[in-house]
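Scroll down for the structure; my scribbles are underneath it.
Just so it is clear: chains get the letters A, B, ... in the order the sequence lines come, proteins before strands, and each one is counted from 1. The figures that follow rest on heavy atoms only: side chains count, while hydrogens, waters and symmetry mates do not.
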Number of protein chains: 2
Amino acid sequence: MAVYTSLSQSEVENFISKFNIGSLKSYTGISGGVTNSNFFINTDNCEAVLTVFEELNFDDLDYYFNFMQHLSSHGFSCPSPISDINDNYIHDLKGKPAALISKLSGKVFEEISDKQLIQLAKSFAEMHLISLKFKSRKKNERGLQWMKDTFSMFADKISSDQRELISDELSFLENIPEDLPRGVIHADLFRDNVLFEEDRLGGIIDFYYACDDFFIYDIAIVINDWCIDHNGIIDGKRKKLFIEAYDSVRKINNNEYDALNSYLRLAAMRFLISRFRDQFNAKDAELNTMKDPLFFFEILKNRRQNLN
Amino acid sequence: MAVYTSLSQSEVENFISKFNIGSLKSYTGISGGVTNSNFFINTDNCEAVLTVFEELNFDDLDYYFNFMQHLSSHGFSCPSPISDINDNYIHDLKGKPAALISKLSGKVFEEISDKQLIQLAKSFAEMHLISLKFKSRKKNERGLQWMKDTFSMFADKISSDQRELISDELSFLENIPEDLPRGVIHADLFRDNVLFEEDRLGGIIDFYYACDDFFIYDIAIVINDWCIDHNGIIDGKRKKLFIEAYDSVRKINNNEYDALNSYLRLAAMRFLISRFRDQFNAKDAELNTMKDPLFFFEILKNRRQNLN
C-alpha cells in the first residue's frame, strides 16, 4: 500500500529541522509496508527513515520506540529511534504521529538460504533474551479475544465450510497451554521484516506489533512463514535448522516443545483473521496489494493435521 | 602504539558472552590509537569494537559512554555503546576497564577534500548543539593549569629558546577571553578521529577527551589540524570553508570570532605540551610511533604571528 501520506520537500525539511541531523539532500517514498508511510531521508551526514503512522497513536508508539531503543542499546540490529533537539521521538506531522529511525543496511530476501535462516534464528533468540530486561508492559492486542471479535464481524461473508472450521479452531485455541516462558515478542516476523546483506543479517524491522506474550508463539509465527514450502506445508529440515539455532542461544523447554503445534495453529489463525479483516475492510484500490487470506487457510488446515 | 593488551580467543569469547550479540566469528587487533587497545569483533549478527582502556578509569568512562549514547540517540554518527545483559557498558577485563561499541563504516583520510571538510564542519557544529542538552558535567583535565604543571616537569629538558617561548606563551594564555558559548567539546578532533566513505562522513570517533569547555576552543583544535598546509600554516581558503559550513549550523558570535586566534594558540600549546610529555615519558620501543612535538612548535610560532 506504499505511501499514503505524501510529503512535499518543504514539509520534510520543516520536519527534520526539529532534529540535529544536518540539512536535507534528498528523500524518497518507500513502497512496501502495509500500515505506515515511509520515506528514506538523506542529509549531509545521516541516512534515516521517516515514518508517518497512519493508524497507531502516540501512546502505543512510545512503547515501540522505547523497545527499539532498548534492543539497539544492547547491540541488537534493529532501527534506532532518533531523538529531536528536545529529546522526543514522536512528532505531529500533518495531524499524524511521525518519527525518524536509523536506516539499516541490507534488503528483503524472498528465498532464504540455510545460513540466513540460522542467523535469523540466533538473532531472534537474542531479541527474546534482551527483552527480559525491558520494563514496560503491553498486552497483545491481537490475542484470541481479538480474533473472536474480528471473526464475528465477517463470519457471514465467508463460506459455511470456512466459518465452521474457524469456529471449531477458535474453540480448540481456548484451551492451549499457557504456563510458558514469556517476554516481549515481535509478533510479526515475516520475511519482509528482516534485512540481509547476502548471508549477513542487516537487521529486524517493524516492531509495531511488539507486545508481551509467549516466546513459543513468536517462534510459531516465524516457522509458519520461514520454514514452509510454497504450499504452506512445513519443511521439516528447515524447521529443525531453525529450532536448533534458536535453542543454541535461548533454551526451549519441554513445555514449549509440547505446545509448539498449538501455537502454530494460533499463529495461523491470527494472520488468517487479520487478512480476512483487511480484505473486507479494503477500498477497491487496495485489493491488488492485499495479502491473500486463503494461503493461511491452507496453513491452518495443515497445522491441524500435524499434531505433535 | 597499536594493541597493548593482547587477548586470546577464549578471553574474547568469555567477554562477549556477557552480551546478547551472538557468538564470536572472528576478532582482529587494530593498530592505531595511542592510549587504548582496540579489537574488531565479528559475531553472527553484529560488528563491534572492543576497547580495553589502558589509562582511563571506570568513573571517567561512564561520562564518555553516556555522552556517546546521548549523541547517537540524536542521530549523530558516532559509535553507540553496547549494553551487556545487565545494562552495563563498562566491564573489567584482565584488571582493566573494557567496553563494546558499534563499528562505524568508513576510513581515515590523510588528505581531506573540500566536500569532506564541509561535511565534517556541519556535523561538528551539530555535535555542539546536541551537547547543549547533555546533563553531566566534566571539567577539561588538560586545561591551562595542566599545561603549566606538565611543562614544569620537562622544562629543564628542552632548549632555552623553547623554554622561553613556552613560558611567554603560557603567560599570554592566562588572560584570553572566557565569556564565550560552551558545552561539551570533543577536544581531540584530529583527522585520524573522523571516518569517511569517500565524500560521505562515516562518523566521529574517540570521545575520550570530551569535556565541558568553549566551542571556539574545539573549533581551534580542528582548524589547527584540518585547515593547514604541510608546514602547519593556516590555509585561509580552507579555514573560510570550514568556518562558513560550521556557522551555517551553529552561529558563531562576534566574541567567538574575536577570540579565535587566542584559542588557536591555546590549542597549539595543548598538543605541544602533551607531545613533549609523551616524548619524555616514552619507553624506547614507543619512540618510532610518537607524534612529533616540534610540528606543534611551528604551529604555535605561526599562530603567535597571526593575530586577528
- Query: Which residue out of H70(A), M127(A), Q69(A), E47(A) racks up the most heavy-atom pairs below 4.5 Å with chain B?
  - Reply: E47(A)
- Task: List the atom of S23(B), the atom of K122(A), and the distance in Å for their closest heavy-atom pair.
- Result: OG-NZ, 4.1 Å
- Find the distance between NE2 (H128(B)) and CG (N20(A)) and round it off to the nearest 0.5 Å. 12.0 Å
- Item | Within 6.0 Å of NZ in K115(A), more than 12 heavy atoms from elsewhere | no
- Task: Identify which part of I130(A) has an atom lying under 4.5 Å from any heavy atom of chain B, answering side chain, backbone, both or neither.
- Result: both
- K107(A), NZ: over 12 other non-hydrogen atoms inside 6.0 angstrom: no
- Task: Given side-chain contact (heavy atoms from CB on, under 4.5 Å), test N42(B) with R200(A) step by step and report yes or no.
- Result: CA-CA 11 Å; N42(B) 237 301; R200(A) 193 181 149 70; 3.9 Å; yes
- K240(A) atom NZ, neighbour heavy-atom count above 12 within 6.0 Å: no
- Task: Mind checking the CG-CG spacing from L120(B) to D44(A)? Nearest 0.5 Å is all I need.
- Result: 12.0 Å
- Hey, are D84(B) and H74(A) close enough side-chain-wise for a donor-acceptor pair under 3.5 Å? no
- Query: For N88(A), is it the side chain, the backbone, both, or neither that has a heavy atom closer than 4.5 Å to a heavy atom of chain B?
  - Reply: neither
- Item | S73(B) backbone acceptor or donor facing S83(A) side chain under 3.5 Å | yes
- Message: Please classify the contact between T43(A) and chain B as side chain, backbone, both or neither, with a heavy-atom cut-off of under 4.5 Å.
- Response: backbone
- Message: Just checking E11(A): does its CD atom have more than 12 heavy atoms from other residues, nucleotides or ligands closer to it than 6.0 angstrom?
- Response: yes
- Note on the structure: Ranking L129(A), L201(A), L132(A), V249(A) by heavy-atom pairs under 4.5 Å to chain B gives rank one to L129(A)
- Task: Measure across G75(A) and C46(B) and return the closest heavy-atom pair with its distance rounded to 0.1 Å.
- Result: O-SG, 4.1 Å
- Message: Return the CD1 to OG distance between I21(B) and S123(A), rounded to the nearest 0.5 Å.
- Response: 11.0 Å
- Using a cut-off of 6.0 Å, state whether more than 12 heavy atoms not belonging to E13(B) lie near its atom CD. yes
